[in-house]
Amino acid sequence: MIQIREADITTLSVDAIVNAANETLLGGGGVDGAIHRAAGPELLDHCRGLGGCRTGSARITPGFALPARFVIHTVGPVWKGGQSGEAERLRSCYLESFRLAEESRIKSIAFPAISTGVYGYPSIEAASIATQTMLENESDFDVIIACCFSAADVTVYETALGRKPPAPSN
Ligand code: APR
């Protein structure tokens with residue numbers, strides 16, 4: 001089942017939450033900062049030993065002080081106008097996160113809108129890629145949550161999933 005929820009991802013009691021990280025895996029702002037703050041310093045200590053993560057790849061760690069058992073850290077592409085392979089790299093973030101989740105027998109997973117904050121990826125295009133991969137992997141999980149941080153993003157995801165008619169274009 002795919003759920004669209006407006007929530008702070010650090011509060012979700014799911015098997016795994018996905019972090020929109022950077023290649024150092026040493027924390028940052030946005031959802032990365034929120035997850036590190038909520039997980040506590042052990043997460044950063046653990047990440048220091050991982051040796052980073054390439055854009056489009058993913059790494060899994062314990063959730064430490066988070067309600068979630070695991071954190072899957074993935075590094076989205078920085079938006080450069082759409083002609084530099086951004087779509088393929090963003091799709092890879094979701095697919096690699098799902099692959100690691102299946103390897104760890106994770107059955108409930110929540111994703112933020114990867115790359116749509118600091119990295120500037122347009123929300124509608126990113127949601128289209130995200131929801132396409134969620135539909136492709138839906139049968140392997142009990143629940144997949146698209147965790148939106150704004151009501152506007154909820155509408156973007158509902159439209160992307162065909163759960164809400166697109167706004168009339170005037
Ligand atoms: N819960 C859920 N979603 C959140 C939260 C939260 N607590 N905080 C932010 N978001 C949302 C943002 O509103 C945005 O929709 O996560 C989405 C991704 O935004 P960013 O966190 O800015 O991530 P991204 O655009 O992928 O940029 C990654 O930012 O924080 C740094 O270290 C990070 O360098 C990396 C870059």
Side-chain angles (χ1 to χ4, degrees), residues 2-41 43-48 50-61 63-82 84-98 100-101 108-131 133-134 143-161:
I2 298 171
Q3 286 180 359
I4 303 167
R5 285 167 59 174
E6 183 179 357
D8 173 347
I9 202 166
T10 66
T11 67
L12 299 182
S13 299
V14 289
D15 290 344
I17 60 172
V18 176
N19 182 20
N22 60 59
E23 294 192 333
T24 70
L25 293 186
L26 300 180
V31 70
D32 195 7
I35 287 173
H36 274 274
R37 276 193 298 279
L43 177 59
L44 182 56
D45 290 345
H46 186 93
C47 287
R48 283 203 178 93
L50 294 181
C53 180
R54 276 184 307 101
T55 297
S57 297
R59 307 297 296 271
I60 189 166
T61 70
F64 296 109
L66 284 161
R69 285 172 48 218
F70 297 99
V71 180
I72 294 175
H73 308 259
T74 191
V75 181
V78 175
W79 180 253
K80 294 181 179 135
S84 309
E86 293 97 321
E88 293 76 22
R89 287 198 184 92
L90 183 61
R91 177 172 164 80
S92 174
C93 286
Y94 286 92
L95 296 181
E96 284 300 295
S97 297
F98 279 124
L100 287 182
S108 57
I109 183 167
F111 288 87
I114 300 165
S115 278
T116 65
V118 167
Y119 282 180
Y121 210 114
S123 294
I124 293 173
E125 288 80 357
S128 170
I129 291 168
T131 52
T133 67
M134 292 173 182
V143 63
I144 298 170
I145 300 172
C147 181
C148 301
F149 208 46
S150 69
D153 278 357
V154 169
T155 301
V156 167
Y157 270 79
E158 285 174 340
T159 304
L161 273 177

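Remember, it's 1-based here, ligands and their atoms both numbered in the order they're listed. Only heavy atoms go into these numbers, but all of them, side chains included; no hydrogens, no water, no symmetry mates.
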With sequence neighbours excluded, give me every salt bridge (charged side-chain N to carboxylate O under 4.0 Å, His left out) pair touching residues 20-30.
none
With salt bridge (charged side-chain N to carboxylate O under 4.0 Å, His left out) as the rule and sequence neighbours excluded, what pairs involving residues 2-11 come up?
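Every candidate salt bridge (charged side-chain N to carboxylate O under 4.0 Å, His left out) pair involving residues 2-11 fails, so no pair, neighbours aside, qualifies.
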Distance-only donor-acceptor hits, side chain of residues 116-130, under 3.5 Å, sequence neighbours excluded:
unit_1: T116; atom_1: OG1; unit_2: A113; atom_2: O; d: 2.7
unit_1: Y121; atom_1: OH; unit_2: A87; atom_2: N; d: 3.4

Judged by atom type as modelled, is there a donor-acceptor pair below 3.5 Å linking the side chain of T133 to the main-chain atoms of R91?
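Answer holds: no.
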So does C53 get a backbone contact from the side chain of R59, meaning a donor-acceptor N/O pair under 3.5 Å?
no
Which pairs of N or O atoms, one from ligand 1 and one from the protein, are separated by less than 3.5 Å, and what is the distance for each pair?
unit_1: ligand 1; atom_1: 1 (N); unit_2: I9; atom_2: N; d: 2.9
unit_1: ligand 1; atom_1: 7 (N); unit_2: D8; atom_2: OD1; d: 3.0
unit_1: ligand 1; atom_1: 15 (O); unit_2: T116; atom_2: OG1; d: 3.1
unit_1: ligand 1; atom_1: 19 (O); unit_2: G117; atom_2: N; d: 3.4
unit_1: ligand 1; atom_1: 21 (O); unit_2: V31; atom_2: N; d: 2.8
unit_1: ligand 1; atom_1: 22 (O); unit_2: V118; atom_2: N; d: 2.9
unit_1: ligand 1; atom_1: 25 (O); unit_2: G117; atom_2: N; d: 2.8
unit_1: ligand 1; atom_1: 25 (O); unit_2: V118; atom_2: N; d: 3.1
unit_1: ligand 1; atom_1: 25 (O); unit_2: Y119; atom_2: N; d: 3.1
unit_1: ligand 1; atom_1: 26 (O); unit_2: S115; atom_2: N; d: 2.9
unit_1: ligand 1; atom_1: 30 (O); unit_2: G29; atom_2: N; d: 2.9
unit_1: ligand 1; atom_1: 30 (O); unit_2: G29; atom_2: O; d: 2.8
unit_1: ligand 1; atom_1: 32 (O); unit_2: N22; atom_2: ND2; d: 2.8
unit_1: ligand 1; atom_1: 32 (O); unit_2: D32; atom_2: OD2; d: 2.7
unit_1: ligand 1; atom_1: 34 (O); unit_2: N22; atom_2: ND2; d: 3.4
unit_1: ligand 1; atom_1: 34 (O); unit_2: Y119; atom_2: OH; d: 3.1

Non-hydrogen atoms of I114 and G76 that approach each other most closely:
CG2-CA, 3.9 Å
